[in-house]
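Worksheet for the structure shown next.
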Amino acid sequence: LNMSSLQVTEEVREHLKTPIFDNWQWEEAEMLVLLQVMFTDLDFLTAFHIKVDVLQNFLFEVYCHYNSIPFHNFRHCFCVTQMMYGLIWLTDLRSKLSRIDLLIMLTSALCHDLDHPGYNNVYQINAQTDLALRYNDISPLENHHCAVAFGILSKPECNILKNVTCEQYKHIRGGMIKCILATDMARHNEILNKFKIMQPVFDFTNKDHKEVLMKIMVKVSDISNEARPMAVAEPWLDCLLQEFFNQSDTEKLKGLPVTPFMDRDKVSKPSSQTNFIRFVLLPLFTELTKLFPCLEQHILEPVRRALEYYSDMERASKEEQGTTKA
Ligand SMILES: COc1ccc(NC(=O)[C@H](C)Nc2nc3c(cnn3-c3ccccc3C)c(=O)[nH]2)cc1
Ligand SMILES: [Zn+2]
């Protein structure tokens, strides 16, 4: 995989910093080069003495540890990392957070779903899998994603943290563990409520405030598909439902409890998405936009349009059912 062979134009480099970047038009080798560009353009290589070949080995190893499943695959990892990269530039976070905190956020986004099996925590716990056993039912997937990340970093040829100080390493490891574990949606309200309290009096010099913001930024990037143009976002919902239906089919086969919003016999795409946008996305994105008003046009507006889109779809399908019933 010769990554330097693909030259990235100035226009693509600028486009990469925006939430309208279309991930679907790039193949895996090109996404790897674009990830290298993100680490380079944020000056991480000079700041942390990272050699290009070590970064390339690290990115390739990360790529190898994502599975070929419908949603939680390397392309999702790229999307989440690219959204984080775009948010860093849009909010001018480089002037508000240290470069080491930016490295924590981008690397957490990159690693946040490593080796995802395509079956969520509820399944891991109910099916009493090895991961549930190893992590005592406590965010088994997120603990695994983080452990795999540091397993990769423990290989000298992939260790992008090789040349940082012990102090820096402790800070980066602590921050990545917090940010990756924060992507467990079961903790969504816990984390958002903390941020809601801090937001009106947010203090960028306060360690606790910065920690919650970093978790929020990774969370926002993780579930931000609907902030992208509909042509980019909608295929992701189909991929997600495919993965969810695979899980509920397996749960039915094994006689395990079936999560309602995953049951192909129960879920309707538009109504599940309008609920998700109304009750999960909008409150989260609204709170972040209070801290960074410039995000209103970049991520809040597109999500409001997505709500309209799926509400119309929901109305249309209800009317249609209405006529067929009558
Ligand atoms: C509070 O915990 C929750 C809340 C909602 C959901 N998921 C949903 O409501 C449905 C399936 N929709 C949905 N879920 C989404 C999206 C993006 N990520 N994402 C997702 C994927 C895996 C696990 C959790 C979530 C939220 C999206 O655009 N829509 C899953 C977990
Ligand atoms: Zn994810």
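What's counted below: heavy atoms across the whole structure, side chains too, no hydrogens, waters or symmetry copies. Quick caveat: nothing in here was measured; it's all calculated off a predicted structure. Atoms within each ligand, like the ligands themselves, are counted from 1 in listed order.
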| Spacing of Trp236 atom CH2 and Asn23 atom CG [to the nearest 0.5 Å] | 5.5 Å
| How many angstroms lie between NZ in Lys162 and NZ in Lys155, if you round to the nearest 0.5 Å? | 13.5 Å
Looking only at protein heavy atoms, identify the closest one to [atom] and say how far it is in Å.
atom	value
atom 6 (C) of ligand 1	Phe261 CZ, 3.9 Å
atom 1 (C) of ligand 1	Met185 O, 3.7 Å
atom 18 (N) of ligand 1	Ile223 CG2, 3.8 Å
atom 26 (C) of ligand 1	Phe276 CE1, 3.4 Å

| request: Would you check if the distance from the ring center of Phe58 to the ring center of Phe60 is below 6.0 Å? | output: no
| Roughly, to 10 degrees, what angle do His76 atom NE2 and His112 atom NE2 form around the Zn ion (ligand 2)? | 100°
| For the Zn ion (ligand 2), what is the closest N, O or S atom on Asp113? | OD2
| task | Determine which of the N, O or S atoms in Asp222 is closest to the Zn ion (ligand 2) and give its atom name. | result | OD1
| said: Tell me whether His15 contacts the main-chain N or O of Val12 through its side chain, where contact means a donor paired with an acceptor under 3.5 Å. | reply: no
| request: Could you tell me which atoms of ligand 1, counted from 1 in the order shown, lie closer than 4.0 angstrom to a heavy atom of Phe244? | output: 11 (C), 22 (C)
| remark: Note: heavy atom closest to atom 15 (C) of ligand 1, options Asn275, Leu240, Asn121, belongs to Leu240
| said: Tell me whether the count of non-hydrogen atoms from other residues, nucleotides or ligands lying under 6.0 Å of CD in Glu10 goes above 12. | reply: yes
| field | Qualifying residue, where the test is ring-ring contact (aromatic ring centres under 6.0 Å, His included) with His145 and the options are His116, His65, His72 | value | His116
| Cationic tip of Arg173 above Phe150 ring, under 6.0 Å, 45° of axis | yes
| task | Indicate whether any N or O donor in one side chain lies under 3.5 Å from an N or O acceptor in the other, for Glu226 and Tyr310. | result | yes
| task | May I ask you to check if ligand 1 and Gln273 share an N or O to N or O distance below 3.5 Å? | result | yes
| task | Report the part of Val267 in contact with ligand 1, treating N, CA, C, O as backbone and CB onward as side chain, heavy atoms under 4.0 Å; options are side chain, backbone, both, neither. | result | neither
| What part of His188, side chain from CB on, backbone N/CA/C/O, both or neither, has a heavy atom under 4.0 Å from ligand 1? | neither
